[in-house]
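To start, the structure under review is shown below, and the notes come after it.
Just the heavy atoms: all of them, side chains too, but no hydrogens, waters or symmetry mates, feed the values below. Please read these numbers as outputs of a predicted model, since none were measured by experiment. Below, chains carry the letters A, B, ... as their sequence lines are ordered, and counting in each starts from 1.
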Amino acid sequence: MKSTESEPSAAAPASNELARAYQPAEVEPRWYRYWEERGYFRAEDQSDKPPYSIILPPPNVTGSLHLGHALTATLEDILIRHKRMNGFNACWLPGIDHAGIATQMIVERELKKTEKKTRHDLGREEFLRRVWAWKEQYGGRIREQHRVLGASLDWSRERFTMDDASSRAVREAFVRLYEDGLLYRAERLINWCPQDATALSDLEVDHEEGVQGELWSFAYPLEDGSGEIVVATTRPETMLGDTAVAVHPEDPRYIGLIGKNVRHPLSGRAIPIIADAILVDPAFGTGAVKVTPAHDFNDFAVGQRHGLPLISILNKDATLNAQGGEFAGMDRFAARTAVKEKIATFGLDRGTQPHKLALGRCQRCRAVVEPMISTQWFVKVEPMAKRALAAVANGDTRFYPESWKNTFDRWMENLHDWCVSRQLWWGHQIPAWYCGAGHVTVARAAPHQCGTCGDTSLTQDDDVLDTWFSSSLWPFSAFGWPEQTASLSSFYPNTVMETGFDILTFWVSRMMMMGLHFMGEVPFRTVFLHAMVRDEKGEKMSKTKGNVIDPLDVTAKFGADALRFTLASMAAQGRDIKLALPRVEGNKAFANKIWNAARFALMHLQQHPLDKKSSATPSLAGRWILSRLGRAVTETTQALDDFRFDQAAMAVYQFVWHELCDWYIELAKPALYGEDASVRAAELSTLLTVLEGALRLLHPFMPFVTEEIWQRLPAWTRRGGDSIMIAKWPSASDGVPDDQAEGKMALVMDVVGAMRTMRSECGIPPGKILTGHMRGPAELVRVVSDLSVPVALLSQVNVTNQSPPGGLVAATSVAGVEIVVQLEGLIDVEAERARATKELARIEKELEQVQVRLGSASFVDRAPAEVVEKTRANAAELAEKRERIARHVKRLSGGHMENNGNGNFGFDIPPTAPVATELTGVESAPVVAEPVAPVAEPVMEEAPPARKPAHKAPRAAVKKVVATKPAAKKKVAKKVAKKAAKKVAKRPVAKKSAAKKGAKKSAAKKSAKKVVAKKKPAKKVARKTVKKPARRR
RNA sequence: AGGCGGGUAGCUCAGUCGGUAGAGCAGCGGCUUUACACGCCGCGGGUCGCAGGUUCGAGUCCUGUCCCGCCUACCA
C-alpha cells in the first residue's frame, strides 16, 4: 500500500498488494528471521524492567517435535510474548537434554546396524566420541522446529545439559549433597533393566496392568516330614532365592507351623516359616507366601523385618547365576518353565490357575524390569521433600490448575530415596573415586589421593547420573550456577514453570527440592501444568497406533498461527486436548479473516490516504467498537494472567471476528464509501486504530499474520514501531469504555437481528428492500433511525417512522421499538393464523407457570426482592404479550384483512404523518423519528436496555450494562420467562411436540412476532418467531 | 485398592457468586451483498451420567451410585 508511511521493512514482501487469501507458507518464514536478526528475543541480564523468566523444558536431544512440544512452545510463547509486550524483561531460555538412556540406545542401535558392534567393542572413550558426533549431527532438529512454530526463545542463552557449565553444576551439586549427608552409596533392592543393563529409578518403571499370567502353586515339604505347606507364585524361578515362607500370624490353618522349617526341594536348604501380618493376606491364594527378599520389594521389606538372608539368583542379564544350581545360565523365563517341570517330578506341583498381574517394564526399552540387589548412589529425599512441601504450603510456589498441588503433596509425602546412579556411559560420570581399600572420595575435580587413606591409585566410579539429576538443577544451572551470574540473580526464581503434568513427579518435584536446597529459594513462583494432547478420539498418540499427528505437517498445511491458536484455544484446564484437524482448519480461516479485514482497511486507506489519527468524534459504531476493544483487552489480559489460554483465545476470536468484522466493518461501510470526506476520515481512522489494537491483542497467539499485517499499517497507527512483537501490549485505554454507545448499539443490533430473522423466516428475497416502520419512544427510535443507512445495509430493510401501512404486516419488537413491515401478498394468512394460535397457547402456559411461582408465598417471601421483582415484571410482560397476540389472532381469524389499517398483528399503531421520505439509499436524509403514543415501555435514560446482540455478541459486557441500567429491568425479566418456559417444556407431562418445542424457544426467547411465510410446514412455522432480545444473564 | 480428573447439543468443549444452559465445528435453509465462499444471513438441536438431599430456586452445593481416563500402590 503506497499510503503507508513506513519504510518497507526487511522482511516485507516485494509486493505491496495483499493476496486475496492469506498465505501462511509465504509469510511465516520471513518474520522469524527478521525478529531473530534484530535481537528481539534476547533478554537482558540486568534490566530496569521487571524480570519474567521461563525455562523451556529441555527436549531430549533425540527428539523431534511432537504435539506435546508444540503445545508447550505455544503456551510459553504466548506468555512470553504477552509479558514482553507488557514491558517485562522476558527471558525464555531454550535447552536440550542429553537424555542418557534414550540417546545411548539410539547410538548403540545404529552402531549395531552399521558396524555390527557393541559399545563394549569400541570402548567407553570411543563410544562417547560417537555419541557426541551423533549429537552434533542430529541432536537439535527440534531447535529448528521450534523456529517454525514462532517460538521467541532467546537462542543466545541456549544450553545443553552436558555442556561444560552444566557438568560443573552437576559435580558441584553432587559434592555438596554428599557433604550435606543427602547423598549416599548403599546396597539396596533396585529396579534393574536387564536389557539396558542399568538401574532405574522407581519412576522409570512403567506398570503394565492386567497382563494375563498364571498363579502356580507348589508344596514346600516340612522339614520334619509332618506335612507340607502350599504356596502360590507368579514367578516360580525365584523359589531358588526363597529364604522364608510367610503366613499370617492369626491364621488358624498355619498357626502351629510358625517357627518350623520347610526343606527346599531344589537346594535342600532349611527355610523358616515366619509370621508376617503386613505381607500376608490370609484370604488370598493359600494364605502362605514364599519370600524372596532379593527379588521382590515386599519380600525385601519382610527380610528386613525378620533378618532373612538375601539370595540373589540372577546375573545382570537376567540369566540365573550360580545360586540357580542346575538352572544356572538359563534365562529367567526359560528357568521358570524348567523349575516348574522339576518340581512336578517331585510330586510337589499343586496346579496353576489363570491370573492377571502387573508387569514392571523399562520405560525406555519395555523389557521386564527385575528387582535386584545392587550397590547404587541414592539421594536422601526426605529433608528436601519436607522443605518443598512447606514452600508449596505457604504459597511460595503456586500450582495451576490448583488441583495439582494435591498430587504434588501426596507424591512428596511418600517419596522413597532416589536412586541416581545409572550403569550407562552417556551422562555425567559420578564424581566419586575409589582407592584400593575401597574408600570413597567425592570431589569436584579428580583427586590425587584417597581422602581417607591417602592411596594415590584411584579409579573413578564408572557410573553416570540419572538424566533427571542434571535436569533438577536446570532452573539455576541454566543461568550459570554455581557461578553467581547476573542472569541468575535476575531470573531466579523463574517466574513460571510450564510443562506437561506427566513430569510433575520426574521433574517439577525434583527441581523444587534442589532449588530450595542449593538456592535457598523455590525454583519458580508458579507451576502451570498443561494436559496431554491426544488424537480426536482421545487416544494417546503413538507410533504403533499410527495416529501420530506431526505438528510440522499441520503447520505446513494450515500455518503455525493456526496450529498455535488451536492448541491455545483448546488448552482448557483439567482436560486432555483432543486435537482435530478441522479445528486447525477453522483457525486458519480465522487468520484469513483478519487478513481480509486488513485488506479492506488498507484498500480504503489507499484510496483515501490518511496521515494521522482523526480528531473527530468517532461515530456511534466507532465508539462502540473502541469500547468493545477495551473490554476484549481486559478479558484477554485477565485470562492470560490466570493461565486460561482457552478463554483468552476465545475472547480475541470473538472480538475480531464477530464484533470487528461482522458488525463494525459493516456499519462503517456507508461512511467509508460515502462522499463526506471528514466522516470518511473519522471512520477510517477508527477502523485502523481498532485494527491495530486487535493485532497487538492477537499477536501472542498468532505472531506471524499479525506482524505481516501490522507492518503494512501506516506508521501513525503503530507509533512508528519496528515490530509488533515489541509494541506495547494493549491496555484498556486502547479502547474507550462507552456504556452509552454499547447500549445504543445493542438496540441497533437487536433491530437488525429481528429484521433479518423476519426476512429469512418469511422467505423474503434478500434483494428486495422492504420498508420497516418504527414506533416507540422517540429516543429509541432515533438511535436506530440515525443509523438507518447502515441498518438498511445490514438487514436490507429501510427504516422510517412513516405511518405503518394497513393490511397484512409482520411486526417485531425489540427493546421498546416496534418495527412493522408490510407483507401483503408475501405470506400465507392461514399459516400465520395457525402459528399465532400456537404461540398464544404457549404464552398462556408460560404465563401460568410464572403466576404459580408468584403465587407461592415461600417464593415471594424468601427469594431476594430483586428476583421476585424480575419475575413480576416478566409476568406483566407476558400478560401484555398475550393480549397482543390474542388480538392478532382474532383479526387474522376475523377476515378483516383488507386495508383497514388494523390488521397489524395486534399492535395498535396510530397513523402518524409521514415526516420523512422513505429511505431508499445512501443519500436519503435521516429520518426524524416522531414520538408516538408511549407504550408501556420505560423511557430510555443513558442507553436502551442492553441485551444480547442479535447474534454471537459477547455477554459479559452486556451483563455489566444491564446491571447499571434501570431500563433493563423489564427486559431482564424476560430471561426469567424464557427459563420458566423451558422448564415447563421439560416437564414429562408435555411430550415432545411441535408446540412444546416451539414453546421452549420462542415463547421464551422472543418477545415479538412476525408473520410467517406461506408454504412452511406447520411444525416449522410454529418455531418462527422473532428473536427475543432479552437474552442475557 | 487408594487418589485425582472427567461424563453438558451429533462432535469437541465452555459455563466464575446457586437465579433457570452456550461457543466452535457438523447439520438444515437462504445468498454471484464490490475485505473474505477460508465468506455472509437465518434456523434447528439439551432430562447438564443416574438416584436422593439442601434450597424459594441446583449443571453449579451435599450424599450415594454407574461409567471413562490418569496417577500411585499393588494380591504372592
Using a cut-off of 4.0 Å on non-hydrogen atoms, how would the nucleic acid contact of [X] be classed: base, sugar-phosphate, or nothing?
| X | answer |
| --- | --- |
| A/Leu504 | nothing |
| A/Arg235 | nothing |
| A/Gly360 | nothing |
| A/Thr234 | sugar-phosphate |
| A/Asp281 | base |
| A/Trp216 | nothing |

For [N], what is the paired nucleotide under Watson-Crick or G-U wobble rules, both distances under 3.5 Å?
| N | answer |
| --- | --- |
| B/G69 | B/C4 |
| B/A26 | none |
| B/A14 | none |
| B/C50 | B/G64 |

Between [atom2] on [N] and [atom1] on [X], what's the gap in Å once rounded to a whole number?
| X | N | atom1 | atom2 | value |
| --- | --- | --- | --- | --- |
| A/Phe565 | B/C13 | CZ | C1' | 15 Å |
| A/Tyr664 | B/C40 | OH | C1' | 19 Å |
| A/Arg756 | B/C41 | CZ | C1' | 6 Å |
| A/Lys669 | B/U33 | NZ | C1' | 8 Å |
| A/Asp642 | B/G15 | CG | C1' | 16 Å |
| A/His658 | B/A35 | NE2 | P | 20 Å |
| A/Phe399 | B/G5 | CZ | P | 15 Å |
| A/Asp206 | B/U72 | CG | C1' | 13 Å |

Which nucleotide sits closest to the side chain of [X]: [options]?
| X | options | answer |
| --- | --- | --- |
| A/Asp662 | B/C40, B/U72, B/A35 | B/C40 |
| A/Leu215 | B/G39, B/A76, B/C36 | B/A76 |
| A/Arg644 | B/U72, B/A14, B/C40 | B/A14 |
| A/Phe501 | B/C70, B/A76, B/U72 | B/C70 |
| A/Asn592 | B/C36, B/G15, B/A35 | B/C36 |
| A/His207 | B/A73, B/A76, B/C25 | B/A73 |
| A/Trp657 | B/A35, B/G39, B/C74 | B/G39 |
| A/Arg599 | B/C25, B/C38, B/C36 | B/C36 |

Point to revise | Pairwise 5' ranking along RNA chain B for A/Phe600 and A/Glu585, keeping only the more 5' one | key: A/Phe600
Practice item. On RNA chain B, check which nucleotide each of A/Met650 and A/Ala288 is closest to and give me the residue with the more 5' one. Key: A/Met650
Review point. Is the phosphate of B/C74, meaning OP1 or OP2, less than 4.0 Å from a side-chain N or O of A/Asn298?
Key: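 Looking at the OP1 and OP2 atoms of B/C74, one of them is under 4.0 Å from a side-chain N or O of A/Asn298.
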Check your understanding: Can you tell me if the side-chain N/O atoms of A/Arg20 get under 4.0 Å from OP1 or OP2 in B/A37?
Key ->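 It does, given that an N or O in the side chain of A/Arg20 lies less than 4.0 Å from OP1 or OP2 of B/A37.
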**Study point:** All side-chain contact (heavy atoms from CB on, under 4.5 Å) counterparts of A/Arg235, not counting sequence neighbours
**Key:** A/Thr233, A/Glu237, A/Thr238, A/Arg336, A/Glu370, A/Pro371
Using the [atom1] atom on both, measure [N] against [M] and round to a whole Å.
| N | M | atom1 | answer |
| --- | --- | --- | --- |
| B/C38 | B/A26 | P | 12 Å |
| B/A1 | B/U16 | C1' | 36 Å |
| B/C13 | B/G18 | C1' | 23 Å |
| B/A51 | B/U8 | P | 15 Å |
| B/A9 | B/A23 | C1' | 11 Å |
| B/C25 | B/C41 | P | 12 Å |
| B/G5 | B/A14 | P | 14 Å |
| B/C28 | B/C36 | P | 26 Å |

Study note, to complete from the structure: In short, A/Leu688 meets A/Ala601 closest at the heavy-atom pair CD2-CB, 4.1 Å
Review point. Which atom pair, heavy atoms only, marks the closest approach of A/Asp642 to A/Tyr400?
Key: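 Nearest heavy atoms, A/Asp642 then A/Tyr400: O-CD2, 4.2 Å.
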Quick check on the 6.0 Å ring-centre criterion: do [X] and [Y] meet it?
| X | Y | value |
| --- | --- | --- |
| A/Phe655 | A/Tyr653 | no |
| A/His530 | A/Phe645 | no |
| A/Trp404 | A/Phe408 | no |

**Study point:** Summary of salt bridge (Lys or Arg N to Asp or Glu O under 4.0 Å) pairs that have at least one residue in residues 276-302 of chain A, sequence neighbours excluded
**Key:**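 As it turns out, the salt bridge (Lys or Arg N to Asp or Glu O under 4.0 Å) pairs with a partner in residues 276-302 of chain A, which skip direct neighbours, are A/Asp242-A/Lys290, A/Asp276-A/Arg305.
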Check your understanding: Does the B/C36 base have a donor-acceptor partner in the side chain of A/Lys593 within less than 3.5 Å?
Key ->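 Checked by distance alone, the answer is yes.
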**Study point:** pair A/Val705-A/Pro24: side-chain heavy atoms closer than 4.5 Å
**Key:**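 Contact flag for A/Val705/A/Pro24 side chains = no.
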